[in-house]
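Working notes, structure below.
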Amino acid sequence: MDRPPLDLASLFLGPKAENAEVLERLLLEALRDHVFWRRNFHPEDGFEISELDKRRPGYEQSQSLLAQELLSLLGELKGGVPFFSPRYIGHMNADLTLASLVGWFATLLYNPNNVAVEGSPVTTRLELEAAAQLAVMVGYPESAWGHLTSGGTIANFEAFWVARNVKYLPVALSGAADELGLGDLELGRADGSRAPIGRLGLWELLNTPPGAALDAADGLLAAATDRQRASEVLARHSLARVGHQEYGRRLALEFGDPLPPAVVLVPSTAHYSWQKICRALGIGSDQLRYVPVDRRFRIDVEALERLLAELAASRTPVLAAVAVVGTTEESAVDPVDRMLAARQRAGREHGLAFALHADAAWGGYAISITRAADGSRRDLAAARAEAAPHAWPSPEVWRALIAVEGTDSVTIDPHKFGFVPYPAGAVLFRDLRVRELVATDAPYVFHDESPASLAAIGPYILEGSKPGAAAAAVWLSHRVLPLDGEGHGRLIGATARGALALHRRLAAGDFGPFRVVTLPEPDLNIVCFGVRHPRFAALEEANAFVAAVHARMSIAPGRPPREVDFVVTRTLLREADYGAAPLPLLELLGWSADDYRRAGGVAVLRCTVMNPFVAEPRGRTDFVEAFAAALREVFDEVLAVSPGTAA
Ligand SMILES: *Cc1c(COP(=O)(O)O)cnc(C)c1O
């Protein structure tokens, strides 16, 4: 399939709504087409609303009110944030693809509900297709399953909900096997060996690799003389039925083996949603173990390995570990390849087994750069040729993106780096069978690949009613911008080039008495930097200065968008979270580790580049230079009015 090189100018409405005509034509097309559909559905019924009705005072009153109120709403909306502009380099927001806008609007007129196929015969299929496209991009096997969610938080939640049920499945299997007289059932172990389930203790059962647990469940049903009954017995022993409070009590009674509570391993850069999730699932946020990150804000794999050895020594089960592919603050990509290797080693040497989840809510779409148009993997040189003159991506990031195929589940947010409207997250599982561990009212089958089950979403997910319009938006966007290096990957590459150009410009200096110090080159497209001025006597003062600059470069009540030249965000690299990772930055800024400890953290300005025109402006403004100039101006302004720094 030959296609001419993609022109990124074709994708969006555009900073000045340059593509307004296209959007107008397509929206009108969608509306008119929908109108015909309504007119042709039982035309024999006639019309409920007549032209004469429309002249009635009550009708006119209501329509006038609508028109008037809409005008006020439109006026109010101008107080919003100009995400479409290359001058917006703040949060993870950007212009939306024309495809997603049109797909969303067009489908909204039909308002399908993807909780049940009955209410969404078309868009449920589109949702499963969109998720399958993401799974193919990631490199999951054909047995994968996934669906859209309202966002990354719910996707992460569901991944953990499932991971916990898979974790305790071997315990349920052990109980069921005992009851069914199938204690010889074999269970695969973390070191690659196999053992009869009846001979394994609690610690061994809780260290079953996720795939082996699902295979054993298959095996139990296959070995049982009465499959239906075996399925019921297994369900009776399952965590989903019994609940974790009662489960814990029973485990203590049956195994007489009081293991410490299972822990969850995340890098210290992990999104705060993990705290919410561990609290909501009753895991408890104390069970979150934060692994330090290195100076590029990627998880420190040696520290992870040390922690795994300690956990094995204290017989502490690991519920799951999380790799972050694109941290929310720095866009750092954890070395997923090395984390997978660490897990394998922990299995071989310590008998530890646990699920590895990739939180790629932010960076997931970047995996598209690893794919050629025919779906095969590209080589790094091909990807880098496109990113020139910048050397991007680094070999470490490249290996990590490819390694996501080895994880058990992954979260990817179309409503972030997929450039589609809210609400659209996605969760993918490498093994379709996990669905059944959380399904409502369904007997365990573990080979339920019937068309009805494969077409359904509702019974297997956390959420209820959900917008088919969001699914159509993601689906249409993937059709227009395929998930490969020549499609979506080209857009991702342009954002990285923009970020690297910005990084290079900031690092080059020329800010007068102000010293700007950047964090290392970003893995994807977020640039963070600190500021120093000779008048800052303490880090606290510098942090307050950064806060004031941020206030001046963000949109808030009382500061309309027109008065802001560029929009950025700010983040505090807290000592409690980040440990030693920001020390090189602090040193370059001239602060000591003591300053850092005393101030509690170091504040940096943060720029997320999502607009492709930052890298390659086609109008009159060089946005990178203009940003540097605007920054210098704001620095001077803020310094002049800052009470803390008045000499
Ligand atoms: C944004 C983000 C989330 C949460 O996603 P929502 O869509 O906001 O719920 C989780 N993890 C990471 C790494 C994120 O960047």
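Every number for a ligand or one of its atoms is a count from 1 in the order of the listing.
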**Item:** Among T149, T153, N156, side chain to side chain donor-acceptor pair (under 3.5 Å) partner for T411
**Value:** N156

**Message:** Less than 4.0 angstrom from a charged side-chain N to a carboxylate O is my criterion; do E302 and R338 meet it?
**Reply:** yes

**Item:** Selection from H91, M92, H271 by shortest heavy-atom distance to atom 4 (C) of ligand 1
**Value:** H271

**Prompt:** By number and element, which atoms of ligand 1 are closer than 4.0 Å to a non-hydrogen atom of A361?
**Reply:** 2 (C), 3 (C), 10 (C), 11 (N), 12 (C), 14 (C)

**Request:** May I ask you to check whether Y140 and F429 place their ring centers less than 6.0 Å from one another?
**Result:** no

**Prompt:** Closest non-hydrogen protein atom to atom 14 (C) of ligand 1, residue and atom name please, with distance?
**Reply:** K416 NZ, 2.9 Å

**Message:** For atom 6 (P) of ligand 1, what is the closest protein heavy atom, and at what distance to 0.1 Å?
**Reply:** G152 N, 3.3 Å

**Request:** Just do the side-chain contact (heavy atoms from CB on, under 4.5 Å) check on L572 and V546 with the steps written out, would you?
**Result:** CA-CA 10 Å; L572 183 67; V546 164; over 6 Å; no

**Asked** What atoms in ligand 1 come closer than 4.0 Å to a heavy atom of G151?
**Response** 7 (O), 9 (O)

**Message:** Do R570 and R606 make a side-chain contact, defined as non-hydrogen atoms from C-beta onward lying under 4.5 Å apart?
**Reply:** no

**Message:** Within the 4.0 Å heavy-atom shell around W362, which atoms of ligand 1 are there?
**Reply:** 15 (O)

**Numbered atoms and elements of ligand 1 in range of D359, under 4.0 angstrom, heavy atoms** = 10 (C), 11 (N), 12 (C), 13 (C)

**Message:** With a 4.0 Å cut-off on N to O distance, would you call E386 and R378 a salt bridge?
**Reply:** yes

**Pairwise side-chain contact, L483 with V136, heavy-atom cut-off 4.5 Å (strictly under)** = no

**Request:** With heavy atoms of T328 as the reference, note each atom of ligand 1 found under 4.0 Å away.
**Result:** 12 (C), 13 (C), 14 (C), 15 (O)

**Fill in**
Nearest heavy atom to atom 9 (O) of ligand 1, choosing from T153, N156, V325, D413, belongs to T153

